[in-house]
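Letters A, B, ... mirror the listed sequences (proteins, then strands); counts begin at 1.
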Number of protein chains: 2
Amino acid sequence: MKIQAYDISKTASATTLIFDAIRQAIITGDLAQGEPLRQEDIARAFNVSRIPVREALLKLEQHGLITSQRYKGAVVAGLSLDEASEIFEFRALLEPEVIRRAVPQMSPQVLETAASCCEAFGRADDPMQWGDLNRRFHSTLYAASGLGYHMEVLDKAMDRIDPYLRAQLLLSDGMQRANREHRMIVEACRAGQADRAADLTRQHILGAQESLSRYWQK
Amino acid sequence: MKIQAYDISKTASATTLIFDAIRQAIITGDLAQGEPLRQEDIARAFNVSRIPVREALLKLEQHGLITSQRYKGAVVAGLSLDEASEIFEFRALLEPEVIRRAVPQMSPQVLETAASCCEAFGRADDPMQWGDLNRRFHSTLYAASGLGYHMEVLDKAMDRIDPYLRAQLLLSDGMQRANREHRMIVEACRAGQADRAADLTRQHILGAQESLSRYWQK
DNA sequence: TTAATGTATATTGTATCCAATTTTAAGGTC
DNA sequence: GACCTTAAAATTGGATACAATATACATTAA
(Lines give C-alpha, C1' and ligand atoms only; values in the text may rest on other atoms or scores of the structure.)
Protein backbone atom coordinates (compact mmCIF):
# COMPACT_ATOMS: atom_id res chain seq x y z
CA MET A 1 0.00 0.00 0.00
CA LYS A 2 1.74 3.14 -1.24
CA ILE A 3 -1.12 5.43 -0.56
CA GLN A 4 -1.18 7.43 2.64
CA ALA A 5 -4.52 6.20 3.85
CA TYR A 6 -6.57 6.43 6.99
CA ASP A 7 -9.85 5.08 8.22
CA ILE A 8 -12.44 7.57 7.09
CA SER A 9 -15.23 5.96 9.03
CA LYS A 10 -13.50 6.79 12.29
CA THR A 11 -12.84 10.37 11.39
CA ALA A 12 -15.63 12.28 9.80
CA SER A 13 -19.34 11.94 10.03
CA ALA A 14 -21.34 14.24 7.79
CA THR A 15 -22.24 16.26 10.84
CA THR A 16 -18.60 16.86 11.69
CA LEU A 17 -17.66 17.85 8.17
CA ILE A 18 -20.49 20.35 7.94
CA PHE A 19 -19.68 21.73 11.37
CA ASP A 20 -16.04 22.25 10.45
CA ALA A 21 -16.85 23.88 7.14
CA ILE A 22 -19.32 26.36 8.61
CA ARG A 23 -17.14 27.04 11.63
CA GLN A 24 -14.24 27.84 9.33
CA ALA A 25 -16.40 30.16 7.27
CA ILE A 26 -17.55 32.00 10.37
CA ILE A 27 -14.23 32.45 12.13
CA THR A 28 -12.53 33.66 8.98
CA GLY A 29 -15.29 36.18 8.51
CA ASP A 30 -16.45 34.55 5.32
CA LEU A 31 -19.92 34.36 6.79
CA ALA A 32 -20.78 37.73 8.27
CA GLN A 33 -22.63 38.41 11.50
CA GLY A 34 -26.36 37.99 11.18
CA GLU A 35 -26.13 35.92 8.02
CA PRO A 36 -29.05 33.47 8.07
CA LEU A 37 -28.28 29.77 7.80
CA ARG A 38 -31.09 27.82 6.16
CA GLN A 39 -31.02 24.11 6.80
CA GLU A 40 -32.35 23.30 3.35
CA ASP A 41 -29.75 25.41 1.56
CA ILE A 42 -26.88 23.92 3.53
CA ALA A 43 -28.21 20.41 3.00
CA ARG A 44 -28.31 20.99 -0.74
CA ALA A 45 -24.82 22.47 -0.75
CA PHE A 46 -23.39 19.39 0.97
CA ASN A 47 -25.72 16.97 -0.81
CA VAL A 48 -27.11 15.50 2.39
CA SER A 49 -30.40 15.61 4.19
CA ARG A 50 -31.28 18.19 6.79
CA ILE A 51 -30.62 15.83 9.70
CA PRO A 52 -26.82 16.10 9.81
CA VAL A 53 -27.14 19.79 9.03
CA ARG A 54 -29.31 20.28 12.08
CA GLU A 55 -26.81 18.47 14.24
CA ALA A 56 -23.97 20.59 12.91
CA LEU A 57 -25.98 23.72 13.64
CA LEU A 58 -26.61 22.48 17.16
CA LYS A 59 -22.90 22.10 17.73
CA LEU A 60 -22.24 25.54 16.30
CA GLU A 61 -24.82 26.97 18.65
CA GLN A 62 -23.17 25.30 21.64
CA HIS A 63 -19.92 26.94 20.55
CA GLY A 64 -21.66 30.29 20.51
CA LEU A 65 -20.95 30.74 16.82
CA ILE A 66 -24.59 30.91 15.80
CA THR A 67 -27.84 31.65 17.55
CA SER A 68 -31.04 29.92 16.64
CA GLN A 69 -34.69 30.36 17.43
CA ARG A 70 -37.42 27.78 17.33
CA TYR A 71 -39.14 27.78 13.95
CA LYS A 72 -37.16 30.83 12.94
CA GLY A 73 -33.81 29.40 12.14
CA ALA A 74 -30.19 30.20 12.80
CA VAL A 75 -28.05 33.22 12.08
CA VAL A 76 -24.35 33.79 12.53
CA ALA A 77 -23.96 35.11 16.05
CA GLY A 78 -23.19 38.74 16.48
CA LEU A 79 -20.55 39.85 18.93
CA SER A 80 -20.52 43.40 20.13
CA LEU A 81 -17.22 45.05 20.92
CA ASP A 82 -18.15 44.88 24.59
CA GLU A 83 -18.71 41.15 24.42
CA ALA A 84 -15.48 40.68 22.50
CA SER A 85 -13.71 42.72 25.17
CA GLU A 86 -15.10 40.43 27.84
CA ILE A 87 -13.64 37.46 26.03
CA PHE A 88 -10.28 39.21 25.79
CA GLU A 89 -10.42 39.72 29.55
CA PHE A 90 -11.25 36.08 29.94
CA ARG A 91 -8.19 35.16 27.95
CA ALA A 92 -6.06 37.61 29.90
CA LEU A 93 -7.10 35.82 33.05
CA LEU A 94 -6.48 32.29 31.86
CA GLU A 95 -3.63 32.29 29.42
CA PRO A 96 -0.93 33.71 31.71
CA GLU A 97 -1.62 30.93 34.19
CA VAL A 98 -1.67 28.31 31.47
CA ILE A 99 1.66 29.37 30.03
CA ARG A 100 3.14 29.67 33.49
CA ARG A 101 2.32 26.03 34.06
CA ALA A 102 3.51 25.12 30.58
CA VAL A 103 6.99 26.65 30.63
CA PRO A 104 8.65 24.01 32.83
CA GLN A 105 7.19 21.29 30.63
CA MET A 106 8.23 22.64 27.27
CA SER A 107 10.32 20.26 25.19
CA PRO A 108 12.82 21.59 22.63
CA GLN A 109 10.38 20.22 20.08
CA VAL A 110 7.61 22.50 21.33
CA LEU A 111 9.85 25.54 21.36
CA GLU A 112 11.01 24.81 17.86
CA THR A 113 7.45 24.46 16.59
CA ALA A 114 6.50 27.75 18.21
CA ALA A 115 9.54 29.44 16.71
CA SER A 116 8.68 28.10 13.29
CA CYS A 117 5.22 29.60 13.67
CA CYS A 118 6.88 32.96 14.28
CA GLU A 119 9.01 32.47 11.18
CA ALA A 120 6.04 31.60 9.02
CA PHE A 121 4.07 34.41 10.59
CA GLY A 122 6.72 36.91 9.58
CA ARG A 123 7.00 35.60 6.06
CA ALA A 124 3.32 35.12 5.29
CA ASP A 125 1.75 37.80 3.17
CA ASP A 126 -1.71 36.28 3.10
CA PRO A 127 -3.62 37.92 5.95
CA MET A 128 -5.74 34.77 6.28
CA GLN A 129 -2.69 32.80 7.35
CA TRP A 130 -1.90 35.21 10.16
CA GLY A 131 -4.98 34.22 12.10
CA ASP A 132 -4.21 30.53 11.70
CA LEU A 133 -0.56 30.87 12.64
CA ASN A 134 -1.39 33.07 15.58
CA ARG A 135 -3.64 30.39 17.00
CA ARG A 136 -1.20 27.64 16.29
CA PHE A 137 1.55 29.57 18.01
CA HIS A 138 -0.38 30.00 21.23
CA SER A 139 -1.93 26.54 21.36
CA THR A 140 1.44 24.91 20.74
CA LEU A 141 2.87 26.57 23.81
CA TYR A 142 -0.19 26.01 25.96
CA ALA A 143 -0.46 22.34 25.06
CA ALA A 144 2.70 21.70 27.07
CA SER A 145 0.79 22.66 30.23
CA GLY A 146 -1.21 19.45 30.04
CA LEU A 147 -4.28 21.45 31.03
CA GLY A 148 -6.77 19.89 28.66
CA TYR A 149 -9.85 21.56 30.05
CA HIS A 150 -8.34 25.01 29.97
CA MET A 151 -7.24 24.47 26.38
CA GLU A 152 -10.68 23.35 25.36
CA VAL A 153 -12.36 26.35 26.90
CA LEU A 154 -9.78 28.70 25.44
CA ASP A 155 -10.23 27.24 22.00
CA LYS A 156 -13.92 27.98 22.11
CA ALA A 157 -13.21 31.49 23.31
CA MET A 158 -10.78 32.00 20.43
CA ASP A 159 -13.37 30.81 17.96
CA ARG A 160 -15.73 33.53 19.04
CA ILE A 161 -13.33 36.43 18.75
CA ASP A 162 -11.43 35.14 15.78
CA PRO A 163 -12.98 37.56 13.30
CA TYR A 164 -12.02 40.43 15.61
CA LEU A 165 -8.52 39.03 15.99
CA ARG A 166 -8.02 38.86 12.25
CA ALA A 167 -9.29 42.41 11.99
CA GLN A 168 -6.83 43.45 14.67
CA LEU A 169 -3.93 41.85 12.82
CA LEU A 170 -4.90 43.89 9.78
CA LEU A 171 -4.61 47.18 11.63
CA SER A 172 -1.65 49.31 10.68
CA ASP A 173 0.83 47.93 13.22
CA GLY A 174 -1.15 44.91 14.38
CA MET A 175 0.78 42.21 12.60
CA GLN A 176 4.22 43.68 13.33
CA ARG A 177 3.51 44.06 16.99
CA ALA A 178 2.02 40.59 17.35
CA ASN A 179 5.07 39.12 15.67
CA ARG A 180 7.44 41.03 17.94
CA GLU A 181 5.55 39.99 21.07
CA HIS A 182 5.35 36.38 20.00
CA ARG A 183 9.11 36.25 19.65
CA MET A 184 9.57 37.75 23.09
CA ILE A 185 7.26 35.15 24.56
CA VAL A 186 9.20 32.31 22.93
CA GLU A 187 12.38 33.87 24.25
CA ALA A 188 11.08 33.86 27.81
CA CYS A 189 9.87 30.29 27.46
CA ARG A 190 13.21 29.14 26.13
CA ALA A 191 14.93 30.81 29.09
CA GLY A 192 12.55 29.06 31.44
CA GLN A 193 11.18 32.33 32.78
CA ALA A 194 7.64 31.27 33.50
CA ASP A 195 6.57 34.47 35.23
CA ARG A 196 7.96 36.61 32.49
CA ALA A 197 6.23 34.51 29.85
CA ALA A 198 2.99 34.90 31.78
CA ASP A 199 3.40 38.66 32.01
CA LEU A 200 4.22 39.01 28.35
CA THR A 201 1.24 36.87 27.43
CA ARG A 202 -1.05 38.99 29.52
CA GLN A 203 0.26 42.17 27.97
CA HIS A 204 0.04 40.65 24.52
CA ILE A 205 -3.65 39.95 25.00
CA LEU A 206 -4.57 43.18 26.70
CA GLY A 207 -2.60 45.12 24.09
CA ALA A 208 -4.56 43.49 21.30
CA GLN A 209 -7.79 44.22 23.09
CA GLU A 210 -6.85 47.83 23.63
CA SER A 211 -5.74 48.52 20.10
CA LEU A 212 -8.91 46.94 18.83
CA SER A 213 -11.15 49.01 21.09
CA ARG A 214 -9.36 52.19 20.19
CA TYR A 215 -9.70 51.52 16.49
CA TRP A 216 -13.36 50.68 16.73
CA GLN A 217 -14.22 53.87 18.56
CA LYS A 218 -12.82 56.35 16.12
CA MET B 1 -56.25 41.60 27.67
CA LYS B 2 -57.77 39.97 30.74
CA ILE B 3 -56.17 36.62 30.24
CA GLN B 4 -53.02 35.83 32.14
CA ALA B 5 -50.82 35.07 29.17
CA TYR B 6 -47.21 34.25 28.51
CA ASP B 7 -45.11 33.57 25.47
CA ILE B 8 -45.60 29.89 24.85
CA SER B 9 -43.23 29.92 21.91
CA LYS B 10 -40.43 30.25 24.41
CA THR B 11 -41.42 26.99 26.03
CA ALA B 12 -39.19 24.09 25.41
CA SER B 13 -38.88 21.84 22.43
CA ALA B 14 -38.69 18.12 23.00
CA THR B 15 -34.94 18.28 22.51
CA THR B 16 -34.60 20.86 25.26
CA LEU B 17 -36.81 18.97 27.69
CA ILE B 18 -34.87 15.77 27.19
CA PHE B 19 -31.57 17.59 27.51
CA ASP B 20 -32.63 19.18 30.78
CA ALA B 21 -33.92 15.94 32.22
CA ILE B 22 -30.80 13.95 31.43
CA ARG B 23 -28.50 16.77 32.50
CA GLN B 24 -30.30 16.94 35.82
CA ALA B 25 -29.96 13.20 36.27
CA ILE B 26 -26.25 13.35 35.55
CA ILE B 27 -25.29 16.30 37.71
CA THR B 28 -27.21 14.97 40.67
CA GLY B 29 -25.44 11.69 40.30
CA ASP B 30 -28.66 9.88 39.50
CA LEU B 31 -27.00 8.56 36.38
CA ALA B 32 -23.60 7.21 37.30
CA GLN B 33 -20.38 7.51 35.34
CA GLY B 34 -20.17 5.10 32.47
CA GLU B 35 -23.89 4.45 32.39
CA PRO B 36 -24.85 3.78 28.76
CA LEU B 37 -27.53 5.94 27.19
CA ARG B 38 -29.46 4.12 24.48
CA GLN B 39 -31.33 6.36 22.10
CA GLU B 40 -34.17 3.91 21.73
CA ASP B 41 -34.71 3.55 25.47
CA ILE B 42 -34.73 7.28 26.06
CA ALA B 43 -37.07 7.84 23.15
CA ARG B 44 -39.52 5.32 24.59
CA ALA B 45 -39.26 6.85 28.03
CA PHE B 46 -40.17 10.30 26.70
CA ASN B 47 -42.58 8.93 24.12
CA VAL B 48 -40.87 10.62 21.20
CA SER B 49 -38.81 9.47 18.26
CA ARG B 50 -35.05 9.13 18.36
CA ILE B 51 -34.45 12.40 16.51
CA PRO B 52 -34.95 14.80 19.45
CA VAL B 53 -33.14 12.32 21.66
CA ARG B 54 -30.09 12.40 19.41
CA GLU B 55 -30.07 16.17 19.44
CA ALA B 56 -30.32 16.22 23.21
CA LEU B 57 -27.41 13.80 23.39
CA LEU B 58 -25.40 16.03 21.09
CA LYS B 59 -25.94 18.98 23.38
CA LEU B 60 -24.97 16.88 26.37
CA GLU B 61 -21.81 15.87 24.59
CA GLN B 62 -20.95 19.49 23.87
CA HIS B 63 -21.33 20.17 27.57
CA GLY B 64 -18.92 17.37 28.30
CA LEU B 65 -21.53 15.46 30.27
CA ILE B 66 -21.50 12.43 28.03
CA THR B 67 -19.11 10.96 25.51
CA SER B 68 -20.32 9.19 22.43
CA GLN B 69 -18.80 7.03 19.75
CA ARG B 70 -20.04 6.39 16.26
CA TYR B 71 -22.18 3.26 16.15
CA LYS B 72 -21.35 2.55 19.76
CA GLY B 73 -23.47 5.03 21.56
CA ALA B 74 -23.17 7.38 24.48
CA VAL B 75 -22.19 6.89 28.07
CA VAL B 76 -22.20 9.29 30.99
CA ALA B 77 -18.79 10.93 30.92
CA GLY B 78 -16.30 9.90 33.50
CA LEU B 79 -14.24 12.51 35.29
CA SER B 80 -11.06 11.50 37.02
CA LEU B 81 -10.06 13.27 40.18
CA ASP B 82 -7.25 14.93 38.24
CA GLU B 83 -9.64 16.31 35.71
CA ALA B 84 -12.00 17.47 38.42
CA SER B 85 -9.06 19.15 40.13
CA GLU B 86 -8.23 20.99 36.94
CA ILE B 87 -11.77 22.33 36.81
CA PHE B 88 -11.50 23.45 40.43
CA GLU B 89 -8.33 25.32 39.49
CA PHE B 90 -10.18 26.84 36.59
CA ARG B 91 -12.86 28.08 38.93
CA ALA B 92 -10.28 29.35 41.40
CA LEU B 93 -8.83 31.46 38.61
CA LEU B 94 -12.07 32.92 37.34
CA GLU B 95 -14.47 33.28 40.20
CA PRO B 96 -12.41 35.63 42.37
CA GLU B 97 -12.17 38.05 39.47
CA VAL B 98 -15.85 37.74 38.69
CA ILE B 99 -16.92 38.47 42.24
CA ARG B 100 -14.43 41.30 42.48
CA ARG B 101 -16.12 42.92 39.53
CA ALA B 102 -19.54 42.10 40.94
CA VAL B 103 -19.23 43.56 44.42
CA PRO B 104 -19.57 47.24 43.43
CA GLN B 105 -22.66 46.37 41.40
CA MET B 106 -24.55 44.38 43.98
CA SER B 107 -28.01 45.69 44.76
CA PRO B 108 -29.59 45.09 48.18
CA GLN B 109 -31.88 42.72 46.33
CA VAL B 110 -28.94 40.58 45.24
CA LEU B 111 -27.44 40.49 48.72
CA GLU B 112 -30.78 39.52 50.19
CA THR B 113 -31.22 36.68 47.73
CA ALA B 114 -27.75 35.39 48.48
CA ALA B 115 -28.40 35.61 52.21
CA SER B 116 -31.64 33.70 51.80
CA CYS B 117 -29.72 30.97 50.00
CA CYS B 118 -27.47 30.72 53.05
CA GLU B 119 -30.51 30.49 55.28
CA ALA B 120 -32.10 27.77 53.23
CA PHE B 121 -28.75 26.03 52.94
CA GLY B 122 -28.43 25.89 56.70
CA ARG B 123 -31.97 24.65 57.21
CA ALA B 124 -32.10 22.09 54.40
CA ASP B 125 -31.72 18.51 55.48
CA ASP B 126 -32.04 17.02 52.02
CA PRO B 127 -28.49 16.66 50.68
CA MET B 128 -29.84 17.08 47.17
CA GLN B 129 -30.88 20.64 47.94
CA TRP B 130 -27.40 21.58 49.08
CA GLY B 131 -25.98 21.29 45.61
CA ASP B 132 -28.76 23.37 44.12
CA LEU B 133 -28.56 26.06 46.76
CA ASN B 134 -24.79 26.17 46.54
CA ARG B 135 -24.98 26.91 42.85
CA ARG B 136 -27.74 29.44 43.25
CA PHE B 137 -25.76 31.22 45.91
CA HIS B 138 -22.70 31.67 43.76
CA SER B 139 -24.47 32.49 40.53
CA THR B 140 -26.65 35.08 42.25
CA LEU B 141 -23.58 36.98 43.37
CA TYR B 142 -21.71 36.56 40.11
CA ALA B 143 -24.65 37.70 38.01
CA ALA B 144 -24.17 41.20 39.38
CA SER B 145 -20.85 41.38 37.58
CA GLY B 146 -22.59 41.62 34.24
CA LEU B 147 -20.01 39.22 32.84
CA GLY B 148 -22.28 37.04 30.78
CA TYR B 149 -19.58 35.07 29.06
CA HIS B 150 -17.75 34.25 32.25
CA MET B 151 -20.99 33.09 33.82
CA GLU B 152 -21.79 30.87 30.90
CA VAL B 153 -18.40 29.20 30.95
CA LEU B 154 -18.52 28.79 34.71
CA ASP B 155 -21.95 27.21 34.55
CA LYS B 156 -20.67 24.56 32.20
CA ALA B 157 -17.68 23.96 34.44
CA MET B 158 -19.98 23.56 37.42
CA ASP B 159 -22.07 21.04 35.54
CA ARG B 160 -19.08 18.83 35.08
CA ILE B 161 -17.95 18.75 38.67
CA ASP B 162 -21.38 18.86 40.23
CA PRO B 163 -21.39 15.20 41.28
CA TYR B 164 -18.01 15.75 42.99
CA LEU B 165 -19.29 18.90 44.65
CA ARG B 166 -22.29 17.10 46.06
CA ALA B 167 -20.01 14.38 47.29
CA GLN B 168 -17.82 17.00 48.93
CA LEU B 169 -20.80 18.55 50.71
CA LEU B 170 -21.60 15.12 52.10
CA LEU B 171 -18.19 14.77 53.69
CA SER B 172 -18.14 15.04 57.45
CA ASP B 173 -17.58 18.78 57.71
CA GLY B 174 -18.24 19.71 54.08
CA MET B 175 -21.65 21.26 54.47
CA GLN B 176 -20.86 23.13 57.69
CA ARG B 177 -17.74 24.67 56.28
CA ALA B 178 -19.38 25.64 53.01
CA ASN B 179 -22.16 27.32 54.91
CA ARG B 180 -19.71 29.21 57.11
CA GLU B 181 -17.67 30.37 54.15
CA HIS B 182 -20.72 31.41 52.20
CA ARG B 183 -21.80 33.66 55.02
CA MET B 184 -18.37 35.24 55.21
CA ILE B 185 -18.46 35.94 51.50
CA VAL B 186 -21.85 37.62 51.76
CA GLU B 187 -20.51 39.65 54.65
CA ALA B 188 -17.59 40.90 52.60
CA CYS B 189 -19.87 41.72 49.69
CA ARG B 190 -22.25 43.64 51.90
CA ALA B 191 -19.32 45.62 53.28
CA GLY B 192 -18.19 46.40 49.74
CA GLN B 193 -14.86 44.66 50.28
CA ALA B 194 -14.28 43.37 46.78
CA ASP B 195 -10.76 42.12 47.33
CA ARG B 196 -11.73 40.29 50.48
CA ALA B 197 -14.70 38.69 48.75
CA ALA B 198 -12.36 37.59 45.98
CA ASP B 199 -9.89 36.10 48.44
CA LEU B 200 -12.58 34.28 50.37
CA THR B 201 -14.02 32.93 47.17
CA ARG B 202 -10.67 31.63 46.08
CA GLN B 203 -10.07 29.95 49.39
CA HIS B 204 -13.58 28.56 49.37
CA ILE B 205 -12.94 26.85 46.05
CA LEU B 206 -9.43 25.65 46.77
CA GLY B 207 -10.57 24.38 50.15
CA ALA B 208 -13.29 22.31 48.60
CA GLN B 209 -10.84 20.95 46.06
CA GLU B 210 -8.35 20.07 48.74
CA SER B 211 -10.77 18.34 51.06
CA LEU B 212 -12.10 16.37 48.12
CA SER B 213 -8.65 15.27 46.98
CA ARG B 214 -7.66 14.26 50.47
CA TYR B 215 -10.78 12.21 50.94
CA TRP B 216 -10.42 10.45 47.63
CA GLN B 217 -6.87 9.37 48.31
CA LYS B 218 -7.44 7.56 51.55
C1' DT C 1 -57.03 54.19 3.75
C1' DT C 2 -56.04 51.25 7.47
C1' DA C 3 -56.29 47.75 10.63
C1' DA C 4 -57.70 43.19 11.17
C1' DT C 5 -58.11 38.65 9.24
C1' DG C 6 -57.58 34.75 6.19
C1' DT C 7 -54.45 32.16 3.05
C1' DA C 8 -50.26 30.58 0.87
C1' DT C 9 -45.55 29.74 1.21
C1' DA C 10 -41.30 28.99 3.58
C1' DT C 11 -38.98 27.03 7.35
C1' DT C 12 -38.14 24.33 11.22
C1' DG C 13 -39.45 20.16 14.44
C1' DT C 14 -40.45 15.35 14.57
C1' DA C 15 -41.73 10.55 13.04
C1' DT C 16 -40.86 6.68 10.31
C1' DC C 17 -38.04 4.00 7.48
C1' DC C 18 -33.60 2.25 5.60
C1' DA C 19 -28.42 1.72 5.61
C1' DA C 20 -23.98 1.09 7.92
C1' DT C 21 -21.61 -0.75 11.69
C1' DT C 22 -20.86 -3.06 15.94
C1' DT C 23 -21.86 -6.54 19.19
C1' DT C 24 -23.46 -11.04 20.40
C1' DA C 25 -24.05 -15.74 20.00
C1' DA C 26 -23.97 -19.99 17.67
C1' DG C 27 -21.53 -23.50 15.26
C1' DG C 28 -17.60 -25.85 13.66
C1' DT C 29 -12.58 -27.19 13.90
C1' DC C 30 -8.55 -28.32 16.38
C1' DG D 1 -12.44 -26.45 26.21
C1' DA D 2 -10.14 -22.69 23.22
C1' DC D 3 -10.35 -20.31 19.02
C1' DC D 4 -11.83 -18.82 14.67
C1' DT D 5 -15.72 -18.07 11.37
C1' DT D 6 -20.14 -16.52 10.48
C1' DA D 7 -24.85 -15.25 10.84
C1' DA D 8 -28.26 -12.69 13.55
C1' DA D 9 -29.54 -9.13 16.66
C1' DA D 10 -28.82 -4.60 18.43
C1' DT D 11 -27.55 0.03 17.78
C1' DT D 12 -26.46 4.25 15.65
C1' DG D 13 -26.20 7.44 11.22
C1' DG D 14 -28.85 9.31 7.65
C1' DA D 15 -32.89 9.98 4.14
C1' DT D 16 -37.52 10.79 3.30
C1' DA D 17 -42.05 12.25 4.64
C1' DC D 18 -45.14 14.73 7.45
C1' DA D 19 -46.60 18.12 11.22
C1' DA D 20 -46.13 22.54 13.56
C1' DT D 21 -45.07 27.20 13.28
C1' DA D 22 -43.68 31.61 11.28
C1' DT D 23 -43.65 35.02 7.62
C1' DA D 24 -45.48 37.42 3.65
C1' DC D 25 -49.12 38.68 1.07
C1' DA D 26 -53.86 39.10 -0.32
C1' DT D 27 -58.56 40.18 1.29
C1' DT D 28 -62.14 42.35 3.69
C1' DA D 29 -64.58 45.42 6.72
C1' DA D 30 -64.75 49.71 9.14
Fill in the blank from the handout: Taken to the nearest whole Å, CZ/A:Arg70 to C1'/D:dT23 is 17 Å
Problem - By salt bridge (Lys or Arg N to Asp or Glu O under 4.0 Å) - contacts of B:Glu61 (at least two apart) - result: none
Exercise for the section: Flag the pair A:Thr67 / A:Val75 as yes when at least one side-chain heavy-atom distance between them is below 4.5 Å, and no otherwise. Expected result: yes
Handout entry: Contact under 4.0 Å: A:Thr15 side-chain N or O vs D:dG13 OP1/OP2
Key = no
Fill in the blank from the handout: B:His204 meets the ring pair (Phe, Tyr, Trp, His ring centres under 6.0 Å) criterion, sequence neighbours left out, with B:His138, B:His182
Handout entry: Nucleic acid contacts - residues 42-49 of chain A versus DNA chain C, non-hydrogen atoms under 4.0 Å
Key = none
Completion exercise
With the side chain defined as heavy atoms from C-beta on, A:Ile51 is closest, among D:dT16, D:dG13, C:dG13, to D:dT16
Exercise for the section: Name all residues meeting the salt bridge (Lys or Arg N to Asp or Glu O under 4.0 Å) criterion together with A:Glu86; count only those two or more places apart in sequence or in a different chain, and write none if there are none. Expected result: none
Practice task
Quick one: which residue pairs count as a side-chain hydrogen bond (donor to acceptor under 3.5 Å, both in side chains) with a foot in residues 73-83 of chain A, not counting sequence neighbours?
Solution key: A:Ser80-A:Glu83
Enumerate all atom pairs, one protein N or O and one N or O from nucleotides 5-11 of chain C, separated by less than 3.5 Å.
| unit_1 | atom_1 | unit_2 | atom_2 | d |
| --- | --- | --- | --- | --- |
| C:dT11 | OP1 | A:Arg38 | NE | 3.3 |

Practice task
For B:Arg177, look at atom CZ and say whether over 12 heavy atoms of other residues, nucleotides or ligands are found less than 6.0 Å away.
Solution key: yes
Report all side-chain donor-acceptor pairs from residues 102-122 of chain B shorter than 3.5 Å, counting only partners two or more places apart or in another chain.
| unit_1 | atom_1 | unit_2 | atom_2 | d |
| --- | --- | --- | --- | --- |
| B:Ser107 | OG | B:Val110 | N | 3.2 |
| B:Thr113 | OG1 | B:Gln109 | O | 3.0 |
| B:Ser116 | OG | B:Thr113 | O | 2.7 |

Handout entry: Interatomic distance where CG belongs to A:Leu17 and P belongs to D:dG13 [whole Å]
Key = 14 Å
Handout entry: Pairing residues for A:Arg23 by the salt bridge (Lys or Arg N to Asp or Glu O under 4.0 Å) criterion, not counting sequence neighbours
Key = A:Asp159
Exercise for the section: Can you sort out which residues in residues 55-68 of chain A have a heavy atom within less than 4.0 Å of DNA chain D? Ascending by number, please. Expected result: none
Problem - Polar pair under 3.5 Å, donor/acceptor by atom type, side chain B:Arg50, base D:dG13 - result: yes
Completion exercise
A:Glu89 meets the salt bridge (Lys or Arg N to Asp or Glu O under 4.0 Å) criterion, sequence neighbours left out, with B:Arg101
Indicate every side-chain donor-acceptor pair of residues 42-49 of chain B with a distance under 3.5 Å to a residue at least two apart or in another chain.
| unit_1 | atom_1 | unit_2 | atom_2 | d |
| --- | --- | --- | --- | --- |
| B:Arg44 | NH2 | B:Asp41 | OD1 | 3.0 |
| B:Ser49 | OG | B:Ile51 | N | 3.3 |

Exercise for the section: May I have all residue pairs that pass salt bridge (Lys or Arg N to Asp or Glu O under 4.0 Å) and include part of residues 139-156 of chain B, sequence neighbours excluded? Expected result: B:Arg135-B:Asp155
